[in-house]
Amino acid sequence: MEMLSKKATCKSHGQDSSYFLGWQEYEKNPFNEDRNPLGIIQMGLAENQLSFDLLESWLARNPDATMFGSNGGSIFKELALFQDYHGLQTFKTELVEFMAEIRRNKVRFDPQKLVLTAGATSANETLMFCLAEPGEAFLIPTPYYPGFDRDLKWRTGVKIVPIHCSSLNGFRITKAALDEAYDEALKLNLRVKGVFITNPSNPLGTTMNQDEFNHVISFAVSKNIHIVSDEIYAGTVFDSSKFTSIIEAIMDRNLEKTDIWSRIHVVSSLSKDLGLPGFRIGMIYSNNETLIAAATKMSSFGLVSSQTQYLLSKLLGDKKFTRHYIQENQRRLKKRQQVLVSGLQSYGIPCLKSNAGLFCWVDMRNLLSSNAFEAEMELWKKILYEVGLNISPGSSCHCTEPGWFRVCFANMSQETLNLSIHRLQAFVTSNGDGNYQNQKLSTRISRRNSLVVS
Amino acid sequence: MKLLSRKATCNSHGQDSSYFLGWQEYEKNPYDEVRNPTGIIQMGLAESQLSFDLLESWLAENPDASGFTRNGESIFRELALFQDYHGLPAFKKALAEFMEEIRGNKVTFDPRNLVLTAGATSANETLAFCIAEPGEAFLLPTPYYPGFDRDLKWRTGVEIVPIQCTGSNGFRITESALEDAYQLARKQNLRVKGVLVTNPSNPLGTALSRQELNLLVSFISAKNIHLISDEIYSGTVFSSPSFVSVMEVLLERNLANTQVWNRVHLVYSLSKDLGLPGFRVGAIYSNDNTVVAAATKMSSFGLVSSQTQYLLSAMLADKKFTKHYIFENQVRLQKRHAMLVRGLKNAGISCLDSNAGLFCWVDMRHLLTSKSFDAEMELWKKIVYQVGLNISPGSSCHCAEPGWFRVCFANMLEETLDLAMQRIKDFVVSTATKSSNTGRSHHLSSKYSARKSLSKWVFRLSFHHDSENER
């Protein structure tokens with residue numbers, strides 16, 4: 001008899017993919033400006049480290065938020081005992097207002113329709129448990145976040161069928177692609193329960209446009225299926241006016257009073273906007289009462305620490321702060337993105353035009369030895385081991401065309417970003433030469449390192 | 001096509017059970033000493049509120065721990081970014097040592113074999129996912145914690161087959177009960193993957209004896225199955241015999257590093273011992289590397305907030321504090337337990353002899369109108385609505401015999417416990433009086449009207465059998 005379950009012994013957690021392998025290599029040889037200047041620079045982690053100073057100064061001005069209140073005793077006990085899966089009311093109230101603020105208040109959210117979860121990871125899995133039986137499927141546009149293979153499929157038994165998007169139109173979702181994906185699912189005998197979009201997109205860094213909304217919404221209406229919109233990057237849009245939430249899109253089309261309204265579900269988190277992935281704050285928002293009731297109970301398996309809910313209720317309750325933070329954070333992200341884009345462009349590496357996210361979708365097709373995923377892997381390994389940059393190959397994101405890479409720009413200092421651009425430049429230059437020799441390259445890199453560091 | 005999944009629309013979350021319904025009634029009419037003195041007293045919540053003062057004074061003396069600072073330096077950034085599912089090393093080390101302390105240092109725990117989860121709720125579900133396929137089964141001794149029906153079965157598709165324990169031997173696990181359960185599973189075509197025990201037991205409040213532990217180890221050895229020992233109450237053992245973990249028994253039998261060693265897994269949490277259910281700190285401990293690896297990845301779905309990991313790593317690393325806390329907390333638990341036992345005895349009600357937990361397993365069989373679960377429900381409703389106490393009926397814990405109730409003692413003030421005891425006493429007396437003489441209702445009401453807080457519903461007791469809903 002099998003001692004452990006298939007889930008425990010299989011590879012469905014997807015963690016043998018290159019996305020995670022690159023991470024491991026980085027862990028073995030991590031770049032450090034002083035201690036390991038030749039180490040691997042982590043550019044595969046979509047984290048936002050640009051605005052901690054703003055949070056730190058707020059914390060310094062508001063010690064009560066972490067000290068369990070000015071009347072230290074009473075708040076502590078109350079929080080220590082608080083395990084209600086409906087969540088701390090004050091926190092949920094502030095959270096929905098923060099979410100509305102990010103959406104320029106074009107959408108208002110009702111805290112009663114919000115379920116708190118331990119991160120978006122938990123929110124996404126919970127939604128799958130609620131919306132689909134094992135063996136049923138969701139359609140997801142490629143390229144997509146590698147973690148979805150684990151989060152949506154592993155323990156739920158739900159299947160993913162890709163909606164293939166192509167560089168020919170900037171990876172935008174087309175009606176044809178949706179129909180093809182649906183047909184593919186039928187061919188595989190899979191019942192489709194919904195479409196899962198990430199908006200803004202990871203790894204593309206783009207926000208959905210009106211055409212795409214038209215296609216996805218009409219499609220979901222006609223097939224009578226759900227739309228899950230993971231809006232975890234909503235706060236990273238450089239220009240708020242360019243972001244439209246799925247809820248706004250539905251309202252713009254006057255569909256609130258129709259069936260589809262109860263088949264729209266939004267996922268979000270404070271991990272990307274506020275840069276707090278360690279605090280595990282995620283959420284599900286839906287107008288479907290049955291779903292909210294079920295998801296609330298399921299959140300028992302991943303509740304948010306009450307200590308953390310309290311801290312965030314105070315932080316988000318400071319509207320002056322949040323307004324300033326949102327703006328300033330977006331400004332810094334835009335600036336960083338421009339550094340990366342222009343840096344890459346200056347030696348012939350284009351990026352997909354993007355307006356959000358913590359990364360760029362970089363076009364390195366010109367550097368491939370052939371138009372194949374083997375060549376992409378070959379290039380990725382060179383960049384990882386020889387150039388010393390951990391970036392994410394498009395294949396790990398299920399991209400249908402080889403040669404694209406996701407490169408993060410917000411999880412390091414400005415100097416480190418500059419260094420990584422220089423390293424890549426050296427690599428590209430030598431690659432173009434055709435006289436590529438490992439030794440020469442590393443000498444060039446170390447010389448450049450000393451140039452940059454000094 | 002069905003819009004939502006069966007999981008979302010069925011009742012497998014088990015939350016229609018009386019365990020949760022009593023909770024709801026309490027929410028509608030909660031007792032408050034000042035604002036609602038005739039309200040329902042919550043005795044169905046296994047929480048410990050006895051030692052917060054100790055935690056609060058530690059916090060006041062150690063502001064770094066909650067303030068994101070270490071030796072005055074800000075570590076906010078580091079913590080905000082920390083989402084490694086291997087957990088904060090300092091916290092795991094401190095937690096492993098805390099667990100050793102609770103077990104009298106008779107066993108050692110390697111922090112690398114510890115997986116952090118958002119509460120024991122998450123730990124138990126994760127272990128079920130790792131060990132069993134949908135449709136396979138775990139054997140659980142009855143009575144058991146009502147939440148298991150949700151935690152072990154709901155999303156996993158795993159089944160529970162009860163190991164029936166009875167009051168005739170103090171609800172101890174016997175070899176025949178184990179074998180009967182195994183055969184019952186086979187008859188139902190369920191493949192048994194393991195046994196799950198809660199030690200100390202919820203709702204019994206008893207710690208498993210060495211004999212029971214040995215029996216369990218032999219059983220899982222022979223059947224080649226797993227044993228999960230949920231030791232969430234291990235720190236609440238307040239009198240002898242001292243707590244014996246199944247790990248200790250394995251060591252005694254020289255089973256370290258054998259196959260059976262790899263099939264025993266612990267679940268732990270800080271919700272009961274430290275009284276911190278809101279912070280969602282749970283853990284799985286296993287000697288099986290595959291289980292640890294899989295459970296670690298699964299913990300992505302319920303990680304512990306790094307803010308909380310840091311606070312607790314500092315607190316648990318303070319060995320002087322933890323030693324004092326464990327001891328003092330147990331002293332207070334013992335005192336409360338004695339109070340409840342005494343108060344019930346005063347009302348002619350006995351409890352199962354227990355030395356752990358935050359509750360007593362109370363024998364109210366003699367108050368039943370008949371030896372049936374209907375009568376138990378009838379009695380339970382009277383106690384909730386008329387006496388004003390939310391206690392948990394044995395049927396909600398899958399007890400094989402009607403008439404037993406779990407009554408919590410650590411989640412309220414001493415005065416409130418006193419009041420609860422008084423209410424019970426009055427109820428028992430009036431029930432006895434009523435059954436012996438139905439014509440003295442006037443006398444009864446004048447006798448009790450002096451006790452303002454009790455008069456309303458005692459008066460009702462004299463006349464009505466049905467539950468009162470207007471409060």
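Computed from heavy atoms alone, side chains included, the values below leave out hydrogens, waters and symmetry copies. Residue numbers begin at 1 in each chain, while the letters A, B, ... track the order of the sequences.
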### Task
Sequence neighbours left out, what passes side-chain hydrogen bond (donor to acceptor under 3.5 Å, both in side chains) with Asp273(B)? Give chain and number order.
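For Asp273(B), the residues satisfying side-chain hydrogen bond (donor to acceptor under 3.5 Å, both in side chains) (neighbours in sequence not counted) are Tyr268(B).
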For the atom pair [atom1] ([X]) and [atom2] ([Y]), what is the distance rounded to the nearest 0.5 Å?
X: His226(A); Y: Leu3(B); atom1: NE2; atom2: CG; answer: 4.0 Å
X: Ser271(B); Y: Gln83(A); atom1: OG; atom2: CD; answer: 6.5 Å
X: Arg280(A); Y: Gln309(B); atom1: CZ; atom2: CD; answer: 10.5 Å
X: Lys193(A); Y: Leu4(B); atom1: NZ; atom2: CG; answer: 7.5 Å

Less than 4.5 Å to any heavy atom of chain B: does that hold for the side chain of [X], its backbone, both, or neither?
X: Gln49(A); answer: both
X: Glu47(A); answer: side chain
X: Leu311(A); answer: side chain
X: Leu59(A); answer: side chain
X: Met128(A); answer: neither
X: Asp259(A); answer: neither

Could you report the tightest heavy-atom contact between [X] and [Y], atom names first, then the distance?
X: Arg150(A); Y: Tyr85(B); result: NH1-CE2, 4.5 Å
X: Thr9(A); Y: Thr290(B); result: CG2-CG2, 4.2 Å
X: Ser74(B); Y: Glu56(A); result: OG-OE2, 4.0 Å
X: Lys7(A); Y: Pro134(B); result: NZ-CD, 4.2 Å
X: Phe52(B); Y: Ala80(A); result: CE2-CB, 3.6 Å
X: Cys130(B); Y: Ala8(A); result: O-CB, 3.4 Å

Only pairs of heavy atoms separated by less than 4.5 Å count here; which of [options] has the most with chain A?
options: Val304(B), Asp151(B), Thr117(B); value: Asp151(B)
options: Leu88(B), Leu59(B), Leu55(B); value: Leu59(B)
options: Ala118(B), Ala293(B), Ala80(B); value: Ala80(B)

### Message
Please identify which of these residues, His226(B), Arg263(B), Glu133(B), meets the side-chain contact (heavy atoms from CB on, under 4.5 Å) condition with Leu4(A).
### Response
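By the side-chain contact (heavy atoms from CB on, under 4.5 Å) criterion, Leu4(A) pairs with just one of His226(B), Arg263(B), Glu133(B): His226(B).
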### Query
Is a side-chain N or O of Ser122(B) found less than 3.5 angstrom from the main chain of Gly302(A), in a donor-acceptor match?
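Not confirmed, Ser122(B) side chain does not pair with Gly302(A) backbone.
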### Query
Do the side chain of Glu133(A) and the main chain of Arg6(B) share a donor and acceptor less than 3.5 angstrom apart?
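Answer holds: yes.
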### Query
Ser262(A), Ala123(A), Pro277(A), Ser306(A): which one forms the most heavy-atom pairs within less than 4.5 Å of chain B?
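Going by pairs under 4.5 Å, I would pick Pro277(A).
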#### Entry: Options Thr308(A), Thr121(A), Asn411(A), Thr126(A), ranked by heavy-atom pairs under 4.5 Å with chain B, top entry
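Greatest number of close heavy-atom pairs with chain B: Thr308(A).
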### Message
Using the salt bridge (charged side-chain N to carboxylate O under 4.0 Å, His left out) criterion, which residues pair with Asp32(B)? Sequence neighbours excluded.
### Response
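For Asp32(B), the residues satisfying salt bridge (charged side-chain N to carboxylate O under 4.0 Å, His left out) (neighbours in sequence not counted) are Arg35(B).
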So which part of [X] gets closer than 4.5 Å to some heavy atom of chain A, the side chain, the backbone, both or neither?
X: Gln307(B); answer: both
X: Asn124(B); answer: neither
X: Phe82(B); answer: backbone

### Query
Which class fits the ring pair Phe279(B) and Phe76(A): parallel under 30°, tilted 30 to 60°, perpendicular over 60°?
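Taking Phe76(A) first and then Phe279(B), their aromatic rings stand perpendicular (interplane angle over 60°).
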### Task
Hey, can you tell me if Phe68(B) and Phe279(A) have their rings parallel, tilted or perpendicular (30° and 60° cut-offs)?
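Rings of Phe68(B) and Phe279(A): parallel, as their planes differ by under 30°.
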Mark yes when over 12 heavy atoms from residues, nucleotides or ligands other than [X] sit less than 6.0 Å from its [atom1]; otherwise mark no.
X: Arg61(A); atom1: CZ; result: yes
X: Lys314(A); atom1: NZ; result: no
X: Glu27(B); atom1: CD; result: yes

#### Entry: side-chain contact (heavy atoms from CB on, under 4.5 Å) assessment of Arg155(B) paired with Met298(A)
CA-CA 9 Å; Arg155(B) 306 191 307 177; Met298(A) 282 193 188; 3.6 Å; yes
### Message
I'd like to check Val291(B) versus Met3(A) (side-chain heavy atoms, cut-off strictly below 4.5 Å). Are they in contact?
### Response
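No - every pair of side-chain heavy atoms lies 4.5 Å or more apart.
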### Any donor-acceptor N or O pair under 3.5 Å, side chains Ser305(A), Ser305(B)
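No donor-acceptor contact under 3.5 Å links the two side chains.
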